[in-house]
Undergrad: 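Following this message is one structure expressed as structure tokens.
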Amino acid sequence: MRQIRVFDTTLRDGEQSPGATMNVDEKLQLARQLARLNVDIIEAGFPITSQGDFEAVKLIAEELETVTVAGLARARFEDIDRVAEAIKNARKTGRIHIVIATSDIHLKFKLKMTRQEVLNASINAVRHARQYTDDIEFSAEDATRSDWDFLCRVTEEVIKAGATTVNIPDTVGYTAPVEYSELIEYLMNRVPNIDKCVVSVHCHNDLGLAVANSLAAILKGAGQVECTINGIGERAGNASLEEIVMALKTRPKLFMADTSIVTREIYKTSRMVSKITGMIVQPNKAIVGANAFAHESGIHQDGFLKERSTYEILKPEDIGIPGSKLVLGKHSGRHAFKDRLGQMGYHLTDDDVNHTFERFKALADQKKYVFDEDIETLITEEISKTDYVYNLVSLGVTCGTEDKPIARITISKRGEELKTESTGDGPVDATYNAIAQLTETKSQLIRYEVKSITGGTDAQAEVFVTIEEDGRTVRGAGSHTDTIVASAKAYINAINKLEGKNRVITQGV
Ligand code: KIV
Ligand code: ZN
């Protein structure tokens, strides 16, 4: 197995995602987690660009004892000196990462330099950096759109000048696996001193190929992969660390390569990055998305329950997720439903399972997801034959900029009508005060959420509330085109479940 170095650039290229700026404390907190994840190199910032980036690189380099910390510099002495200053007291090692473009398009329009000038600048920059540290990375920006022979020339010369890692970035996410692997092979065969450095790959995801390109390059001998957590980064992002690492782990015979990443820390790191940057992970994102280990189809659920490897190639536990989820919805089958009942502590007779399953299917036709609490309600009604205690009869609310919100409500308690009115800070608060008064509930409202089931102003609102009493928590749901009515139904629904829980039964036979 070849050991591939993981160069994490979440704090530098990842931070270049629009809106993902991190302050020094946030970078430090993330760097500590990246150290627990056991990445080999953390690129913590671009010190010349701001005092914050300088401090982040410096503090992280001075604190971490197991990780090499890199700072980015253009091929200019002032940039390099700033990185050198930031990493000079690095606990483990500091790396100076020098970048200059090598493609003609960048030379002509951005740098306004000739190839010879770029070559000279690269050699001089690397030589200058070498006086500070032995760990120098050179990046040929836009390498994949550069002339291959010029790229070979630059690579050979920067290695002679002292670069220990040479990075071949696909800066604009333009290449494809077949081409990128050919380019890496070309460099491996044509650059005479290539064995004196580690070849690194750095892929952007503009065509959705960043991970595939990185893996293709690893197959051709790349020894370092540059990536970010959740694949965040400039434009469409960088290659995602978790996807590359888990691809290598899952297909060892194919790639014959591994990393030193502690995979059980992946999920936690992903959550932290999402929280700090505010960039939500798409539910179907590989490895760390909410649905990555969720099975909904009945056929899949049945197969999974018989033998998990039928539909799962990775173990969620390996990346730090407690377990797979069988999402109960309209595609779920009896097997998954019965299994969930068992997990919830309900061991019903086959007859009871059959009845409840019919009702579950009817509910799943109306509702996108069926939660455990919904199932509890079904069971409560089916098995104990207990009907709801409270039902909403009518609700009228006055509110707006002129009036103090007032809710007038009638609910029935086992057929008997009860009425009251109450004020509150808003229409929902007034309604909830009125309901609490009539039901005399002692519960506390823990959470209130409103979702729109469809788009548009006529959309159905779906309200979820979580209430708690004496350590028992229940979740109620209600939907209606009027958000306040949906809110009232959700609250009454939760109170009914709590009442049911108080009366019913620990099922179990
Ligand atoms: O995408 C790129 O080329 C970069 C370099 C700084 C490596 O981020
Ligand atoms: Zn980049």
Side-chain angles (χ1 to χ4, degrees), residues 5-18 20-21 39-50 53 56-57 68-76 79-80 82-83 95-107 109-111 118 121-122 125-126 129 135-146 150-151 154-155 158 163-175 180 183-184 187 197-211 213-214 217 222-241 244 277:
R5 289 186 192 166
V6 175
F7 176 109
D8 181 278
T9 183
T10 308
L11 303 183
R12 199 277 301 167
D13 219 340
E15 200 202 16
Q16 289 175 215
S17 313
T21 319
V39 303
D40 300 280
I41 303 112
I42 292 176
E43 184 169 48
F46 194 168
I48 194 85
T49 59
S50 73
D53 260 32
V57 175
T68 295
V69 177
L72 185 64
R74 287 165 300 180
R76 295 182 185 183
D79 284 31
I80 293 168
R82 200 74 180 129
V83 177
R95 171 178 292 193
I96 301 178
H97 178 192
I98 299 164
V99 61
I100 188 166
T102 51
S103 68
D104 288 337
I105 189 164
H106 277 235
L107 266 58
F109 295 106
K110 188 181 82 174
L111 298 177
V118 165
S122 307
V126 172
D135 194 338
I136 309 292
E137 173 165 339
F138 175 85
S139 280
E141 191 190 9
D142 205 19
T144 51
R145 292 192 300 167
S146 302
F150 179 56
L151 190 60
V154 173
T155 303
V158 295
T164 43
T165 302
V166 175
N167 185 29
I168 311 297
D170 183 28
T171 304
V172 290
Y174 178 71
T175 197
Y180 198 46
L183 172 58
I184 301 298
L187 284 155
C197 80
V198 172
V199 172
S200 175
V201 288
H202 175 116
C203 296
H204 279 268
N205 208 27
D206 300 67
L207 295 175
L209 294 170
V211 169
N213 288 334
S214 306
Q224 174 178 289
V225 68
E226 305 199 358
C227 42
T228 60
I229 302 294
N230 298 342
I232 67 168
E234 188 80 37
R235 304 181 311 280
N238 288 61
S240 133
L241 179 147
I244 294 173
T277 60

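Below, each value reflects all heavy atoms present in this structure, side chains not excepted, and no hydrogens, waters or symmetry copies. Being a predicted model, the structure only gives us computed values, none of them experimental. In each ligand, atom 1 is the first atom listed, and ligand 1 is the first ligand listed.
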Undergrad: Is it true that a side-chain atom of T10 and a backbone atom of I229 form a donor plus acceptor pair closer than 3.5 Å?
TA: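 Yes, the answer is positive, given that a donor and an acceptor are paired below the 3.5 Å cut-off.
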
Undergrad: For ligand 1, which atoms have a heavy atom of H204 less than 4.0 angstrom away?
TA: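 So the atoms of ligand 1 that pass are 1 (O).
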
Undergrad: May I ask you to list the atoms of ligand 1 that are less than 4.0 angstrom from any heavy atom of D13?
TA: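 By the 4.0 Å cutoff, the relevant atoms are 8 (O).
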
Undergrad: Check each atom of ligand 1 against the heavy atoms of S139 and keep those under 4.0 Å away; list them by number with element.
TA: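 Near S139, the atoms of ligand 1 are 7 (C).
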
Undergrad: I need the nearest protein heavy-atom contact for atom 3 (O) of ligand 1: residue, atom name and distance, please.
TA: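 Nearest protein contact, heavy atoms only, for atom 3 (O) of ligand 1 is T171 OG1, 2.6 Å.
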
Undergrad: Does the residue R12 have a heavy-atom contact with ligand 1, meaning some pair of atoms that are separated by less than 4.0 Å?
TA: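 Judged by the 4.0 Å heavy-atom criterion, R12 does count as contacting ligand 1.
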
Undergrad: Can you confirm whether Y180 sits close enough to C203 that some side-chain heavy atom of one is under 4.5 Å from a side-chain heavy atom of the other?
TA: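 Counting from C-beta outward, Y180 and C203 do come under 4.5 Å.
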
Undergrad: So, the side chain of T164 versus the backbone of I136: is there a donor-acceptor pair under 3.5 Å, distance only?
TA: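 Yes, T164 side chain to I136 backbone: donor-acceptor pair under 3.5 Å.
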
Undergrad: With heavy-atom distances below 4.5 Å as the criterion, would you say the side chains of C227 and V6 are in contact?
TA: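 Side chain of C227 against side chain of V6, heavy atoms only: contact under 4.5 Å found.
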
Undergrad: Applying the side-chain hydrogen bond (donor to acceptor under 3.5 Å, both in side chains) test to H202, which of D13, T171, D170 qualifies?
TA: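 Going through the options one by one, the only one that passes is D13.
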
Undergrad: Could you give the distance from CG (L72) to CD1 (I48), rounded to the nearest 0.5 Å?
TA: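 With rounding to 0.5 Å, CG (L72) is 11.0 Å from CD1 (I48).
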
Undergrad: Before accepting this row, confirm whether a basic side-chain N of the pair R145/D142 lies closer than 4.0 Å to the acidic partner's carboxylate O.
TA: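 Counted as a salt bridge, because a side-chain N and a carboxylate O are separated by less than 4.0 Å.
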
Undergrad: So which protein N/O/S atoms does the Zn ion (ligand 2) have within less than 2.8 Å?
TA: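 Atoms qualifying: D13 OD2, H202 NE2, H204 NE2.
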
Undergrad: List ligand 1 atoms under 4.0 Å from N167, heavy atoms only on the residue side.
TA: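 This gives 7 (C) as the contact atoms.
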
Undergrad: What residue and heavy atom of the protein are closest to atom 4 (C) of ligand 1, and at what distance?
TA: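 So the nearest neighbour among protein heavy atoms is H202 NE2, 3.4 Å.
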
Undergrad: List every atom of ligand 1 that sits less than 4.0 Å from any heavy atom of E141, numbering the atoms from 1 in the order shown and giving each element.
TA: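 By the 4.0 Å cutoff, the relevant atoms are 3 (O).
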
Undergrad: For F7, what residues pass the ring pair (Phe, Tyr, Trp, His ring centres under 6.0 Å) criterion, not counting sequence neighbours?
TA: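 F7: ring pair (Phe, Tyr, Trp, His ring centres under 6.0 Å) contacts with H97.
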
Undergrad: Distance from E226 atom CD to T165 atom OG1, nearest 0.5 Å?
TA: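 With rounding to 0.5 Å, CD (E226) is 8.5 Å from OG1 (T165).
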
Undergrad: For the backbone of R5 and the side chain of D40, can you confirm whether one donor and one acceptor N or O come within less than 3.5 Å of each other?
TA: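 Judged by distance alone, no pair lies under 3.5 Å.
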
